[in-house]
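The next block holds one structure in the form of structure tokens; read it before the comments.
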Amino acid sequence: LPSPRRIDPRRPRRRSRRPPCAQRGRPFGQPGMAEARLGDDAWWAAQTTNEGPHRGKAWWGWGSVSELRKEVERRLEAHPGESVLRPPTVDEAARLLPPPRVNLDALPAAVRRCCTATPFDRLFHSRGRDMIDVIRNVRGAVAEAHDLVAYPASEEDVVSVLRECARRRIAVVPFGGGSSVVGGVLPPPAGDASVDEGYTGSLALDLALMDRVLRWMRPRNAHECKAGSTGRRWRLSCGDMG
């Protein structure tokens, strides 16, 4: 065996100057996708939706499209000449999605009004935001996705959705902040006999519409709020409540 390379502890280690969005030799992206500069307004607008509680957010990564755009442009200015493949737009990724296994029109009206099967919502809720999931999204690996996404607005809506899913054997996966550090938002694997539990589909349950702060209990410095409320919502409510 060759002798180990001697390292002088007094010599500073070299650090890579390549941004994480670039990969040596072969950039991110699904094979066959055309390379593009990440500065086109239409392309950035095609990464999100204008409807729903997650409007303005990128389907494939953390944060809003405007925040991601600033970060990517800053990195590209700092590292000129890097070759980067763009992630798919919502429409491009939608063509890679499997069709929903659950017929939305067949659900009861009380459940149907809470649910959606739009490509953006299915894409957004079927992956987390850790590095592995982001890379999979950028590469267009979206073959496994939830069939439906539910946005209940009340406890009664939650009960209706869960009851119908239990009746139809549809797996329900709660979706909170979406980080999914341990893969908690991923749909159950389909077609794997070792983990197949006989589900007829999967549904992501997002409580984003249940975000009201009900009251601020000043003596205890505590809030009573709905299950979908966020830290930003708390801060805004603190101002409204004095």
Side-chain angles (χ1 to χ4, degrees), residues 17-100 104 114-151 175-180 185-187 204 206 208-209 211 230 232-233:
R17 295 184 177 182
R18 301 178 64 84
C21 59
Q23 183 182 13
R24 187 179 301 277
R26 181 179 177 185
F28 292 162
Q30 187 186 18
M33 287 187 176
E35 186 173 351
R37 292 182 60 83
L38 304 184
D40 181 71
D41 291 342
W43 180 83
W44 282 106
Q47 301 298 316
T48 185
T49 182
N50 295 322
E51 301 177 352
H54 299 294
R55 57 187 174 275
K57 295 180 181 179
W59 75 266
W60 52 269
W62 267 120
S64 67
V65 164
S66 60
E67 294 169 341
L68 280 172
R69 181 174 186 175
K70 292 178 182 178
E71 176 65 16
V72 170
E73 290 177 349
R74 182 184 69 81
R75 288 178 178 271
L76 290 180
E77 289 177 1
H79 305 275
E82 292 289 356
S83 178
V84 180
L85 278 182
R86 58 180 175 82
T89 64
V90 173
D91 289 341
E92 291 169 340
R95 292 194 285 270
L96 305 174
L97 280 173
L104 182 60
C114 302
C115 296
T116 179
T118 64
F120 173 84
D121 286 299
R122 294 182 65 200
L123 291 166
F124 184 85
H125 291 83
S126 296
R127 296 286 183 275
R129 298 300 180 266
D130 64 77
M131 181 57 68
I132 293 177
D133 284 342
V134 170
I135 292 175
R136 292 175 68 190
N137 284 340
V138 171
R139 288 186 179 276
V142 296
E144 293 182 358
H146 292 295
D147 303 287
L148 299 175
V149 177
Y151 291 109
F175 186 93
S179 59
S180 191
V185 306
L186 303 179
D206 189 331
L209 297 182
D211 65 342
T230 61
R232 182 176 182 274
R233 183 66 170 169

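Along the sequence shown, residues are numbered consecutively beginning with 1.
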Smallest separation among heavy atoms of R129 and A58, with atom names | NH2-O, 4.2 Å
Is N137 close to P87 at the side-chain level, that is, under 4.5 Å between some pair of heavy atoms?
-> no
Do side-chain atoms of T48 reach the backbone of K57 as a donor and acceptor pair under 3.5 angstrom?
-> yes
Write down the atom of G128, the atom of V185, and the distance for their closest heavy-atom approach.
-> N-CG2, 3.6 Å
For P53, the side-chain contact (heavy atoms from CB on, under 4.5 Å) test, sequence neighbours excluded, returns Y151, A208, L209
Any T49 side-chain heavy atom under 4.5 Å of V90 side chain = no
Tell me, please, which residues at least two apart from I132 pass side-chain contact (heavy atoms from CB on, under 4.5 Å).
-> D130, R136
Which residues satisfy the side-chain contact (heavy atoms from CB on, under 4.5 Å) test with S66, sequence neighbours excluded?
-> S64
Do F120 and H54 touch side chain to side chain, with heavy atoms closer than 4.5 Å?
-> yes
Evaluate the side-chain proximity of R127 to L186: yes if any heavy-atom separation is below 4.5 Å, no if none is.
-> yes
Quick one: pull up CZ in R122 and CH2 in W59 and give me the separation to the nearest 0.5 Å.
-> 12.5 Å
Here the gap from C114 atom SG to L148 atom CG, rounded to the nearest 0.5 Å, amounts to 11.5 Å
Could you pull out the closest heavy-atom pair between V142 and L97, with the gap in Å?
-> O-CD2, 3.6 Å
E71: what forms a side-chain contact (heavy atoms from CB on, under 4.5 Å) with it, not counting sequence neighbours?
-> R74, R75
Please list, chain by chain and in numerical order, all residues satisfying ring pair (Phe, Tyr, Trp, His ring centres under 6.0 Å) with F175, sequence neighbours excluded.
-> F124, H125
Are L68 and Q47 side-chain neighbours, meaning at least one heavy-atom pair lies under 4.5 Å?
-> no
Quick one: closest heavy-atom pair of P98 and A143, and the distance?
-> CG-O, 3.1 Å
Please identify each residue that fulfils salt bridge (Lys or Arg N to Asp or Glu O under 4.0 Å) with D147, with sequence neighbours left out.
-> R101
Can you check whether H146's main-chain N or O pairs, donor with acceptor, with S126's side chain at less than 3.5 Å?
-> yes
With side chains defined as the heavy atoms from C-beta onward, is the minimum distance between D121 and E51 less than 4.5 Å?
-> no
